[in-house]
Amino acid sequence: MAHYVVAVAAWLLLFQRVSAQDRLLLVNLNSHCFRCLCHAASRCNLTVGCDGGYCGPYKISKIYWKDAGEVILPDDEKGRAGAYEDCAISYHCAQRIVTNYLAKYGRDCNDDGVTDCDDFSMINFNGGYQCKPELGRNEAGKLWLDRYRTCNPETRL
Ligand SMILES: *[C@@H]1O[C@H](CO)[C@@H](O)[C@H](O)[C@H]1NC(C)=O
């Protein structure tokens, strides 16, 4: 009986943590954040297509797309060759990929106590599994960070 109570209490705590984080996420992944993630990736160039394993204005890789649950255009089929590319190069479909990915991997990457657009920017550049490395550590990261700061001057990154 005692074990059962402890297990339920632990489960409730975990559940509350997760839903608190989800609420935070919904608040901070707003339209301004989307604009800045898009600007950081490509200056939000809607015609970049696919290049070097990254597609669309958010520069989405196939692994990112898979981890986000293989989002597809409304009348497409998941298994179709090209389903990933076509969604990632379409602004609204790409936004759905990013939303799913950040709902799954969103966390406080820079340890400032909040999960906000700065963290989402780190996650989109570094990936969700190891989001903590500083963005300025290599040329691609510097470029990303420069663009992100231009869009979001209030950033703490
Ligand atoms: C967008 O990307 C395409 C393909 O790389 C490029 O030709 C075009 O000049 C870019 N547009 C802007 C506004 O940078």
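In what follows, residues are counted from 1 in the order of the sequence shown. Just so it is clear, the model here is predicted, and its values are computed rather than measured. For ligands, and for the atoms within them, numbers begin at 1 and follow the listed sequence.
Closer than 4.0 Å to atom 9 (O) of ligand 1 lies none of the heavy atoms of the protein. Contact annotation for atom 5 (O) of ligand 1: protein absent (non-hydrogen atoms, distance under 4.0 Å).
Looking at Glu77 and Arg80, no side-chain N of the basic residue comes within less than 4.0 Å of a carboxylate O on the acidic one, giving no salt bridge. A salt bridge is defined here as a Lys NZ or Arg NE, NH1 or NH2 lying under 4.0 Å from an Asp or Glu carboxylate O, and Lys59 with Asp51 fails to meet this definition. Salt-bridge annotation for Asp112 and Arg156: present, with a side-chain N of the basic residue lying under 4.0 Å from a carboxylate O of the acidic one.
Less than 2.5 Å separates the SG atom of Cys50 from that of Cys55.
The protein non-hydrogen atom at the shortest distance from atom 3 (C) of ligand 1 is Asn45 ND2, 3.6 Å.
Listed by number with element, the atoms of ligand 1 under 4.0 angstrom from any heavy atom of Val48 are 2 (O).
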